[in-house]
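Single-structure report; data block below.
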Amino acid sequence: MSKHMITAEVVSQSRITEDIFSLVLKAAEIAKEAVPGQFVSLFSGDASRLLPRPISLCEINKNKGTLRLVYRIAGKGTKEFSAYKAGDTVQVMGPLGNGFQTECKSPILMGGGIGIPPMLELSKCLAEQGIDKKHLHVILGYRDSAFLADEFKKHATVHITSDSGLVGRKGNVVDCVREENLTGDMIYACGPTPMLRAIKRYAYENDIPAQLSLEEHMACGIGACLACVCKTAEVDEHFKVNTRRVCKDGPVFYAEEVEL
Amino acid sequence: MSKHMITAEVVSQSRITEDIFSLVLKAAEIAKEAVPGQFVSLFSGDASRLLPRPISLCEINKNKGTLRLVYRIAGKGTKEFSAYKAGDTVQVMGPLGNGFQTECKSPILMGGGIGIPPMLELSKCLAEQGIDKKHLHVILGYRDSAFLADEFKKHATVHITSDSGLVGRKGNVVDCVREENLTGDMIYACGPTPMLRAIKRYAYENDIPAQLSLEEHMACGIGACLACVCKTAEVDEHFKVNTRRVCKDGPVFYAEEVEL
Amino acid sequence: MIDTSVTICGVTMKNPVTVASGTFGSGMEYDEFVDVSRLGAVTTKGVALTPWEGNPTPRIAETYGGMMNAVGLQNPGIEEFLKTDIEFLKKKDTKIIVNVCGHSEEEYVGVVERLQDEPVDLLEINVSCPNVKEGGIAFGVDPKALEHITSQVKQKAKQPIIMKLSPNVTDITEMARAAVAGGADALSLINTLTGMKIDIHRRAFAVANRTGGVSGPAIKPIAVRMVYQVCHAVDVPVIGMGGIASAEDAIEFIMAGATAVSVGTANFRNPFATAEVIDGIEAFMKEQGIRSLDEIRKIL
Amino acid sequence: MIDTSVTICGVTMKNPVTVASGTFGSGMEYDEFVDVSRLGAVTTKGVALTPWEGNPTPRIAETYGGMMNAVGLQNPGIEEFLKTDIEFLKKKDTKIIVNVCGHSEEEYVGVVERLQDEPVDLLEINVSCPNVKEGGIAFGVDPKALEHITSQVKQKAKQPIIMKLSPNVTDITEMARAAVAGGADALSLINTLTGMKIDIHRRAFAVANRTGGVSGPAIKPIAVRMVYQVCHAVDVPVIGMGGIASAEDAIEFIMAGATAVSVGTANFRNPFATAEVIDGIEAFMKEQGIRSLDEIRKIL
Ligand SMILES: Cc1cc2nc3c(=O)[nH]c(=O)nc-3n(C[C@H](O)[C@H](O)[C@H](O)COP(=O)(O)OP(=O)(O)OC[C@H]3O[C@@H](n4cnc5c(N)ncnc54)[C@H](O)[C@@H]3O)c2cc1C
Ligand SMILES: Cc1cc2nc3c(=O)[nH]c(=O)nc-3n(C[C@H](O)[C@H](O)[C@H](O)COP(=O)(O)OP(=O)(O)OC[C@H]3O[C@@H](n4cnc5c(N)ncnc54)[C@H](O)[C@@H]3O)c2cc1C
Ligand SMILES: Cc1cc2nc3c(=O)[nH]c(=O)nc-3n(C[C@H](O)[C@H](O)[C@H](O)COP(=O)(O)O)c2cc1C
Ligand SMILES: Cc1cc2nc3c(=O)[nH]c(=O)nc-3n(C[C@H](O)[C@H](O)[C@H](O)COP(=O)(O)O)c2cc1C
Ligand code: FES
Ligand code: FES
C-alpha cells in the first residue's frame with residue numbers, strides 16, 4: 001500500500017444539502033489501492049493555507065479510477081473546494097490511514113453527521129462480500145436534514161435518526177440501536193466524539209467488537225509529525241507512551257484501544 | 001477623478017512574446033475616468049501575495065469600458081496573471097496616478113522595454129488631438145525582439161532600436177533620437193532608470209521639456225503609505241522633504257522635478 | 001441593542017476599530033473608499049518635531065502572507081502636520097490618535113508639548129520603529145529606557161498616552177510593566193517584527209535599509225500571543241494589532257484582551273478593510289447576541 | 001563541475017539540505033516520497049532520555065502562510081530511538097543529526113552521553129522549544145543559562161554540537177555569542193516563534209497548550225534576518241531554517257550566511273519539498289555558473 005501525491009482532476013461536484021457537497025475526483029493511482037475507512041489529504045490552491053484537509057473516502061471506484069468525497073463546509077478550505085468545477089484540479093495525497101477491517105457477518109454501521117460518508121463505501125464493500133441486506137444494518141444520525149441515506153438503501157437496512165426529529169426518529173444513533181435491539185458481530189462507527197464514546201460503551205455492554213474512526217487535526221497526514229495523536233489504553237510499542245497517530249495507525253481503531 | 005476597487009472580468013488574454021502578455025479587462029468605471037500614463041493595481045488571487053502589482057494602462061477603451069494591460073512576467077504575481085482566461089476575474093484598483101499632460105505639438109515618445117505599453121495609449125490620444133503622424137515620433141527600444149510596434153504605425157512615425165540589433169537599429173532610444181536628430185516640443189518617456197536618466201540629460205541639453213514615467217515598489221498605491229517615493233529637486237510643499245510619491249504625485253514627473 | 005463602543009482612558013470610540021499608524025496616512029487618501037468618520041478613531045502616521053526624509057527606496061517588499069517596510073518614518077514635522085492632517089481630521093466624526101516619533105527623548109517630548117492644546121484625543125508614542133537608527137527601537141527593547149521615556153513624555157502630555165510596544169523582545173510583559181511603571185495610560189502592540197529579504201537574482205537586499213519591519217496576516221499569531229500576555233500582565237487598556245484583516249481577526253484580539261484594534265497592512269490589499277471590520281464586528285455581535293464587547297473581552 | 005557539498009564541523013554533507021527537526025520524523029514516512037539517501041543529512045525529531053507523552057491535542061493549527069504546533073516533544077526515549085530510528089537511518093546514505101531535548105541539564109547530558117559511540121554525525125541541542133514547560137525554552141532565552149548548558153553538553157559529547165537557537169529573544173547575536181562561548185561547534189536557527197490562535201466561535205484556544213510555535217513561510221523574513229545577524233556576529237557554521245519551501249528560499253539563507261539549510265513545515269504541504277530544493281539548488285548553480293556554494297555564501 002503506497003501513498004501518492006497527485007494533481008487530481010475534478011470529474012464532478014454537486015451540492016447535496018445546504019452546506020454539504022459531493023466531489024468526484026479522477027485519482028486512479030489512489031483509487032487503485034484505497035480501502036474503505038481510508039482518507040485523503042486535500043490541499044488548498046491558495047498558498048496562504050498550507051495544511052492538508054483530511055477527507056474520508058465516501059466511494060472508491062477502481063474501474064473508473066475515481067474517488068468520491070462528501071464533505072461539509074467547515075471553514076475556508078472546504079469553502080474553496082466547494083467552488084471547484086469539473087476540469088479544475090486539486091492536489092491530493094493518499095490513500096492515507098489504515099481503513100476498516102471488513103471480516104464480519106452481521107455488521108452494524110453507525111454514522112453521525114459528516115461521519116456518514118465513509119460508511120457508504122464500507123457498506124458497499126460489505127455487501128459485495130456477500131452480506132445480505134437484512135444483516136447489514138446502517139444507522140444514520142442527522143442534525144435535521146438527511147443526505148446520502150438513499151444510497152445505502154440498495155444494499156443495507158437503513159435506520160434514520162435525527163436530533164431534531166425532522167427526519168427519521170428523534171434521537172441519536174445509540175438510542176436507535178438500543179431501541180431497535182439490534183445485534184451483530186461488528187460495529188463500525190464514525191462521527192462526533194460524544195457519539196463514539198456512547199457507542200464504545202454500548203459495544204462494551206453488549207460485547208460486540210467495534211471499529212471507530214477518529215478525527216484529529218493533522219499536519220503531515222502520514223505519521224511523521226505526531227500532531228494527530230489519540231489517547232490509547234496501552235503503551236504504544238514504538239512510541240512508548242499511551243498515544244497512537246490517527247493519520248497512520250488510524251483513523252480506525254478498535255474501541256478498546258482508545259480512550260475517548 | 002475618483003478611484004475604484006472593482007472585480008474585473010477578463011475579456012481576453014494573449015501572449016505577444018515569449019514572456020509578454022496582453023490582457024484586456026472589463027472595467028468600465030475605471031476606463032471611464034482613465035487618462036494615458038495612469039496605471040492600475042492588480043491584486044493576486046492568491047492570499048499569500050498581499051500587495052498590488054502596478055501595471056500601466058496600454059489602452060483605454062471608454063466605449064467598451066475596457067482596459068488593455070501589457071506586461072512582462074517578472075515574478076509570481078505576473079506569472080499568475082498570465083494564466084488568466086476570458087471569464088476569470090481579478091481585483092483591480094484604479095485609475096491611479098496623474099497621467100501625462102498632453103498639450104504639445106510635436107511630441108517625441110520614447111519607450112524602453114516594458115515601458116513601451118503606456119506609450120501606446122498616449123500616442124493614440126495625441127493623434128486624436130490632431131497631431132499629424134509625421135510630427136508624432138515614437139522611439140521604441142527593445143532588448144532583442146519587438147512587440148506592439150505595429151500598433152503604433154497607424155498614427156505615428158515609429159523608430160525601432162534594440163540592444164542586440166536584432167530588430168531595428170542597434171543601440172538605445174537616446175542613441176536613436178540623437179542620430180535621427182529629432183526635435184520636438186515635448187518628450188514623453190517610460191522605461192528603465194538608466195534610460196530615463198539619459199533622456200533627462202538629452203532633454204536638458206536640447207531644452208525640450210520631458211515627462212518621465214517612474215517606477216517604484218508600492219504598498220497602498222494611493223499615496224498613504226509613503227513606500228514609493230522618488231527623489232525630487234525641490235522640497236515638497238506638504239512633505240517638507242525632497243521626495244514625492246510615485247503612486248499619487250506621479251508616476252509621471254517633469255524631468256527637472258526628479259533626481260534619477 | 002448592540003453597543004459597539006469602547007472607552008480608552010476616558011475617550012469613547014464609537015466602535016473599537018482604528019488604523020495602524022503609517023498604513024492609512026491621516027485618512028485623506030482612504031476617504032475615497034471608506035468614510036473616515038465611520039472609524040472609532042484614526043491613528044495618524046508618525047510625526048516628529050521637524051521634517052524627516054525617511055529611508056531610501058525600495059522601502060517595501062512583499063513577504064509570504066505579509067510585507068516588510070522600511071519607510072523610516074518620513075514625516076513633514078509637527079507644524080505642517082497640524083496644518084494639514086489635523087485640519088483634515090478634526091472635521092471628521094472620529095477620535096484622533098496622533099502617533100509620535102523622535103530621534104531623542106527631547107524630540108518626543110517636544111512633539112507631545114506642541115500637541116498639548118490641539119484637538120487630539122490620544123497620543124501613541126512609537127518607541128518601537130525598527131527602521132530608524134537613533135531613537136525608535138532603542139527605547140523599545142530596553143525596559144529601563146522605556147520606563148524613562150514614558151515618564152518624560154507623561155509629564156508633558158495633556159492627553160492620555162499610549163506606549164506602542166515592539167515585539168522584538170524576549171519578554172513582552174516586562175516591557176509592558178516598564179511602560180506602565182513609567183506612567184503609560186494604555187499600550188498598543190504589536191509594532192513590526194524585524195525581518196530581512198534577499199533578492200537572490202540581484203544579490204541584493206530587497207529593501208534599501210537591509211532590514212525592515214514585517215507586518216500583515218503572517219504575524220498575527222505572534223501579535224495575538226503578545227496581546228494576550230500583556231492583557232493578563234498589566235491593568236491598562238490595550239490596542240491590539242498585527243495582521244488584522246477581518247472582523248474575525250479583530251474579535252480574536254478582543255477575546256485575547258484588547259480594548260480596541262487597529263487595521264494596518266490589510267488596508268493595502270483591501271481599501272474597504274476598516275469598514276468591513278466594523279460591519280463584521282456588529283454582525284458577529286448580533287448573531288451571537290452580544291450586547292457589549294465587554295462580554296467577550298479577555299474571556300480566555 | 002558543480003559541487004553542492006558543504007562541510008559542517010568536519011562532517012561533509014553531499015548537499016546543504018537537511019530537514020527541520022520534528023517535521024520529518026526520522027525519514028521513514030517520507031521515504032515513500034523522497035529517497036532519504038538524497039538528503040545531505042537527516043535531522044531527527046527531538047529525543048530525550050526517557051519517553052515523553054507530549055501535549056494534549058489539538059497540537060496544531062493552521063495560521064496565515066504558516067502553522068502553529070505544540071506537539072511538546074513527544075518521543076520514545078533514547079533506547080527505543082536507537083533501536084528503531086538510528087537503525088533505519090544508518091542504512092541510508094546520508095548524515096545523521098540527532099536533535100536532543102531534555103527537561104533538565106542532566107537529561108540533555110544523559111542523551112549526549114548515550115550517543116557517544118553511536119553512528120551519529122552531529123548533535124543538535126534543542127534549547128528552544130517553546131512548547132514544554134521545564135527545560136526547552138528556559139535555556140534558550142537566557143544567555144547565561146545557554147552558555148552553561150552548552151558547556152555541560154560539550155564536555156560529554158563525542159560528536160560536534162549544534163546549539164539550536166530560539167527566535168523569541170531581543171538580541172539573537174547575544175544568544176549566538178553565549179552558545180559559542182560555551183563551546184558550540186555550530187548553530188542552527190530559527191526554532192519557532194511563540195504564537196497563539198483563538199477559535200472565536202468555540203471561544204477556545206486553537207491548540208490545547210494555549211500557545212504554540214509558529215513555523216512556515218510566514219516566518220521566513222524573521223529567520224533570514226536572524227541568520228544574517230548571527231553569521232555576521234560569530235564564526236561558527238550555521239544551519240538556517242524557517243519557512244524554506246523552495247531552492248530560492250534555501251539560496252536566500254545561504255546568501256545570508258548559512259552553511260546548510262533545513263526544510264521543515266514545507267514537507268507537510270509538499271512531501272517532495274526536500275528533493276525539489278536539492279534539485280533546484282543544483283539548477284540554480286548551473287544557470288549562474290556557480291561551482292561551489294562558497295561563492296555565494298554570505299555575499300551580502
Ligand atoms: C480522518 C479524517 C477524515 C475526515 N473526513 C471528512 C469527511 O469525509 N467529510 C468532511 O466534511 N469532513 C471530514 N473531516 C473533517 C475535515 O477534515 C475538516 O472539516 C476540514 O479539514 C476543515 O477544513 P476548513 O479549511 O474548511 O476549516 P478550517 O477550520 O479553516 O481549517 C483550519 C485547519 O484546521 C483543520 N481542521 C479543521 N477542522 C478539522 C477537523 N474536524 N478535523 C481535522 N482537521 C480539522 C484543517 O484541516 C485546517 O488545517 C475529516 C477529518 C479527519 C481527521
Ligand atoms: C507605475 C508602474 C507601472 C508599471 N507598469 C507596468 C506595465 O505596464 N507592464 C509591466 O510588465 N510592468 C509594469 N510595472 C512593473 C510591475 O509592477 C512589476 O513587474 C510587477 O509588480 C512584478 O510583480 P511580480 O509578482 O510578477 O514580481 P515579484 O518580484 O514576485 O513581486 C514582488 C513584489 O515586488 C513588487 N515589484 C516587483 N517588481 C516591481 C517593479 N518593477 N515595480 C514596482 N513593483 C515591483 C511587486 O509589485 C510585488 O509587490 C509597472 C510598475 C509601476 C510602479
Ligand atoms: C508601511 C508601514 C508604515 C508604518 N509606519 C508606522 C509609523 O509611522 N508608526 C508606528 O508606530 N508604526 C508604524 N507601522 C507599524 C504599524 O502601525 C503596525 O504596528 C504593524 O504594521 C502591525 O500591524 P499590521 O500587521 O496590521 O500592519 C507601519 C507599518 C507599515 C506596514
Ligand atoms: C510539528 C513540528 C515539530 C517540531 N519539533 C521540533 C523538535 O522536536 N525539535 C526542534 O528542535 N524543533 C522542532 N520544530 C521546529 C523546527 O525544527 C523548525 O525549527 C521550525 O519549524 C522552523 O522551520 P520551518 O518554518 O521550516 O518549519 C518543530 C516544528 C514543527 C512544525
Ligand atoms: S498528522 Fe503528522 S503524525 Fe499524523
Ligand atoms: S504606494 Fe503608498 S504612497 Fe505610494
Side-chain angles (χ1 to χ4, degrees), chain B residues 1-7 33 41-54 74-77 91-96 193 214-232 235-249 258-260, chain C residues 19 22-33 45-46 50-77 79-81 83-85 199 201 206-208 212 215-218 243 245 264-272:
Chain B
M1 212 167 61
S2 77
K3 299 178 191 74
H4 302 274
M5 173 86 169
I6 60 166
T7 304
E33 304 180 23
S41 278
L42 286 196
F43 289 86
S44 170
D46 187 301
S48 72
R49 290 189 282 277
L50 297 180
L51 296 181
R53 272 61 184 167
K76 288 190 181 161
Q91 291 294 110
V92 191
M93 189 197 249
L96 303 177
T193 306
L214 307 191
E215 263 192 23
E216 194 44 77
H217 285 229
M218 296 182 178
C220 71
I222 59 172
C225 74
L226 307 185
C228 68
V229 296
C230 60
K231 284 258 155 228
T232 56
V235 168
D236 179 82
E237 210 179 303
H238 169 58
F239 290 115
K240 304 294 178 195
V241 290
N242 294 63
T243 64
R244 302 197 76 195
R245 297 163 298 185
V246 171
C247 71
K248 181 153 187 172
D249 307 317
V258 289
E259 314 219 309
L260 295 170
Chain C
V19 291
T23 66
F24 203 74
S26 292
M28 285 165 223
E29 292 82 8
Y30 280 98
D31 209 30
E32 281 195 54
F33 296 95
K45 63 193 163 194
T50 56
W52 289 15
E53 285 259 352
N55 288 323
T57 56
R59 288 179 172 184
I60 60 126
E62 194 175 64
T63 66
Y64 203 102
M67 63 173 285
M68 221 172 76
N69 93 81
V71 168
L73 297 176
Q74 180 187 326
N75 79 85
E79 295 307 330
E80 171 68 21
F81 175 82
K83 249 184 271 170
T84 315
D85 299 72
D199 180 330
H201 300 287
V207 296
S215 63
T265 298
N267 292 301
F268 303 152
R269 186 167 173 86
N270 174 9
F272 309 111

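Nothing here was measured: the structure is a model prediction, and the numbers come from that model. So that the names make sense, note that chain A is the first sequence line, chain B the second, and so on, each numbered from 1. Values below: every heavy atom of this structure, side chains too, minus hydrogens, waters and symmetry copies.
Heavy-atom distances place the side chain of C:Phe33, and not its backbone, under 4.5 Å from chain B. For chain C, the nearby part of B:Met218 is the backbone; its heavy atoms alone come within less than 4.5 Å. With a 4.5 angstrom heavy-atom cutoff, B:Glu237 touches chain C only via backbone atoms. Of the two parts of C:Ser26, neither the backbone nor the side chain holds a non-hydrogen atom closer than 4.5 Å to a non-hydrogen atom of chain B. Contacts of C:Ala61 with chain B are made by backbone atoms alone, with heavy-atom separations under 4.5 Å and no side-chain atom involved. No part of B:Asp236 comes within reach of chain C, as not one of its non-hydrogen atoms sits under 4.5 angstrom from that chain. With a 4.5 Å cut-off on non-hydrogen atoms, C:Asp85 touches chain B through its side chain but not through its backbone.
Judged by distance alone, the side chain of C:Arg59 and the main-chain N or O of B:Leu226 form a donor-acceptor pair under 3.5 Å.
Atom NZ in B:Lys231 sits 8.5 Å away from atom OG1 in C:Thr57 (nearest 0.5 Å). Atoms CZ and CZ, from B:Arg49 and C:Arg269 in turn, are 9.0 Å apart once rounded to the nearest 0.5 Å. Here B:Leu51 contributes atom CG and C:Glu62 contributes atom CD; the two are 4.5 Å apart, rounded to the nearest 0.5 Å. In this structure, C:Met28 CE and B:His238 NE2 are separated by 5.5 Å, a value rounded to the nearest 0.5 Å. With values rounded to the nearest 0.5 angstrom, C:Asn55 atom CG is found 11.5 Å from B:Thr243 atom OG1.
Other residues, nucleotides and ligands contribute over 12 non-hydrogen atoms within 6.0 Å of the NZ atom of B:Lys248.
Comparing B:Ser41, B:Gly223, B:Pro52 by heavy-atom pairs within less than 4.5 Å of chain C, the highest count is held by B:Gly223. Contact count versus chain B (heavy atoms, under 4.5 Å) is highest, among C:Lys45, C:Gln74, C:Lys83, for C:Gln74. Counting heavy-atom pairs under 4.5 Å between each of B:Cys228, B:Ala219, B:Gly77, B:Cys225 and chain C puts B:Ala219 at the top.
The shortest non-hydrogen separation linking C:Tyr30 to B:Ala224 is CE1-CB, 3.5 Å. For the pair C:Ile60 and B:Ala227, the tightest heavy-atom approach, listed with the atom from each and the gap, is CG2-CB, 3.7 Å. Here the shortest heavy-atom pairing between C:Phe268 and B:Phe43 reads O-CE2, 3.3 Å.
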Decide yes or no on salt bridge (charged side-chain N to carboxylate O under 4.0 Å, His left out) for C:Glu29 and B:Arg245, but give the supporting numbers first. CA-CA 12 Å; C:Glu29 292 82 8; B:Arg245 297 163 298 185; 3.2 Å; yes
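For the side-chain contact (heavy atoms from CB on, under 4.5 Å) test, residues two or more places apart in sequence or in another chain that qualify with C:Pro217 are B:Leu50, D:Tyr64.
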